[in-house]
Engineer: 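Here's a structure for you.
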Amino acid sequence: MGESQGEVVGLRVKLGRRQPMRQVAPMVFVAGNGIEGDMHFSDKPHQQGYQVLLMQEENLDALGLDHGVVRENVTTTGIDLQSLSPDTRLGLGEDVVLRISKECVPCGLMDDIRSGLQGELMGRRGMLAAVEEGGKVSVGDAVRVLG
């Protein structure tokens, strides 16, 4: 089976609850902690699986949403993120390795963006991941499923 490959098309950090997302270039990932400058940056064990939210551009396009609106950190194209099972390792750029923890279940805040969006996002909200190996990632970098 060949390596599944896609591309990074957006990078954003969450500064705080309900605050606008900020585009960053490059994005700095720190093993065991998450994304530098993001509100979820933490080395606490119970937060490991919530360090990064990945969302595929295809789902945003299908729902008529712009990048960052549903508060994803990394927007990708070319890989069906929802098909990845927990513990799948994902490589970003040259150095970064993420470990998928679970599907992100859309919360009620999604209906603040657009009425009914929480329901529309069921099964398409993206995947949460932990940072296993750190490094820098830029828009245009490759995303690949690691064996």
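Predicted model, so just to flag it, every value in this text is computed and none were measured.
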Engineer: Say whether Ser101 and Gln48, considering side chains only, have a donor N or O and an acceptor N or O under 3.5 Å apart.
Structural biologist: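 Not at all, the side chains of Ser101 and Gln48 share no donor-acceptor pair under 3.5 Å.
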Engineer: Does some side-chain heavy atom of Thr76 sit less than 4.5 Å from a side-chain heavy atom of Val74?
Structural biologist: yes
Engineer: When rounded to the nearest 0.5 angstrom, what is the spacing between CG in Asn33 and CD in Gln51?
Structural biologist: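 Taking CG in Asn33 and CD in Gln51, the distance rounds to 6.5 Å.
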Engineer: In terms of hydrophobic clusters joined by side-chain contacts under 4.5 Å, are Val28 and Val24 together?
Structural biologist: no
Engineer: Do the side chains of Leu60 and His67 get nearer than 4.5 Å, heavy atoms only?
Structural biologist: yes
Engineer: Under 4.5 Å between side-chain heavy atoms, hopping through other hydrophobics if needed: is there a path connecting Leu109 to Val105?
Structural biologist: no
Engineer: Can you measure from CG (Leu84) to CD1 (Ile79) and round to the nearest 0.5 angstrom?
Structural biologist: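 Going from CG on Leu84 over to CD1 on Ile79, the span is 7.0 Å.
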Engineer: Are side-chain heavy atoms of Asp87 and Arg99 found at a separation under 4.5 Å?
Structural biologist: yes
Engineer: Is the side chain of Gln82 donor-acceptor paired with the backbone N or O of Gly126 at a distance under 3.5 Å, no angle test?
Structural biologist: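 Yes; at least one donor-acceptor contact below 3.5 Å.
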Engineer: About how many Å separate NZ of Lys136 and CD of Glu94, when rounded to the nearest 0.5 Å?
Structural biologist: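 Interatomic distance, Glu94 CD to Lys136 NZ, rounded to 0.5 Å: 13.5 Å.
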Engineer: Do Val131 and Val52 touch side chain to side chain, with heavy atoms closer than 4.5 Å?
Structural biologist: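 Side chain of Val131 against side chain of Val52, heavy atoms only: contact under 4.5 Å found.
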Engineer: Hey, any chance Val145 and Val143 share a hydrophobic cluster, counting ILVMFWY side chains that come within less than 4.5 Å of each other, even indirectly?
Structural biologist: yes
Engineer: Could you pull out all donor-acceptor pairs under 3.5 Å where a side-chain atom in residues 117-125 meets a protein atom, sequence neighbours excluded?
Structural biologist:
from: Gln118; atom 1: NE2; to: Pro106; atom 2: O; distance (Å): 3.1
from: Glu120; atom 1: OE1; to: Arg114; atom 2: NH2; distance (Å): 2.8
from: Arg124; atom 1: NE; to: Glu120; atom 2: O; distance (Å): 3.2
from: Arg124; atom 1: NH2; to: Glu120; atom 2: O; distance (Å): 3.3
from: Arg125; atom 1: NH1; to: Val70; atom 2: O; distance (Å): 3.0
from: Arg125; atom 1: NH2; to: Val70; atom 2: O; distance (Å): 3.0

Engineer: Could you pull out all donor-acceptor pairs under 3.5 Å where a side-chain atom in residues 7-21 meets a protein atom, sequence neighbours excluded?
Structural biologist:
from: Lys14; atom 1: NZ; to: Arg71; atom 2: O; distance (Å): 3.3
from: Arg18; atom 1: NH1; to: Asp112; atom 2: OD2; distance (Å): 2.9

Engineer: Grab the two heavy atoms, one from His40 and one from Asp38, that are nearest each other, plus how far apart they are.
Structural biologist: N-OD2, 2.9 Å
Engineer: Under a 4.5 Å cut-off applied to non-hydrogen side-chain atoms, are Leu81 and Leu90 in contact?
Structural biologist: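 Side chain of Leu81 against side chain of Leu90, heavy atoms only: contact under 4.5 Å found.
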Engineer: Does Gln47 form a side-chain hydrogen bond (donor to acceptor under 3.5 Å, both in side chains) with Ser42? I'd like the steps, not just the answer.
Structural biologist: CA-CA 7 Å; Gln47 292 186 313; Ser42 171; 2.8 Å; yes
Engineer: Is the closest side-chain heavy-atom distance between Phe29 and Leu92 below 4.5 Å?
Structural biologist: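 Heavy-atom side-chain distance check passes, below 4.5 Å.
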Engineer: Please name all residues satisfying salt bridge (Lys or Arg N to Asp or Glu O under 4.0 Å) with Glu133, sequence neighbours left out, ordered by chain then number.
Structural biologist: Arg89
Engineer: Do Met127 and Ile35 share a hydrophobic cluster, counting only Ile, Leu, Val, Met, Phe, Trp and Tyr and linking them when any side-chain heavy atoms are less than 4.5 Å apart?
Structural biologist: yes
Engineer: Atom OG in Ser85, atom CD in Glu103: separation rounded to 0.5 Å?
Structural biologist: 12.5 Å
Engineer: Can you tell me how far CG of Leu146 sits from CG of Leu98, rounded to the nearest 0.5 angstrom?
Structural biologist: 9.5 Å
Engineer: With heavy-atom distances below 4.5 Å as the criterion, would you say the side chains of Asp80 and Gln56 are in contact?
Structural biologist: yes
Engineer: Do the side chain of Asp111 and the main chain of Gly108 share a donor and acceptor less than 3.5 angstrom apart?
Structural biologist: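 No.
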Engineer: Looking only at side-chain N and O atoms, does Tyr50 offer a donor or acceptor that is under 3.5 Å from a partner on Lys102?
Structural biologist: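 Side-chain D/A pair, Lys102 to Tyr50: present.
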Engineer: Would you please test Ile100 and Leu54 for side chain to side chain contact (heavy atoms under 4.5 Å, CB included) and show each step?
Structural biologist: CA-CA 9 Å; Ile100 299 295; Leu54 300 127; 3.9 Å; yes
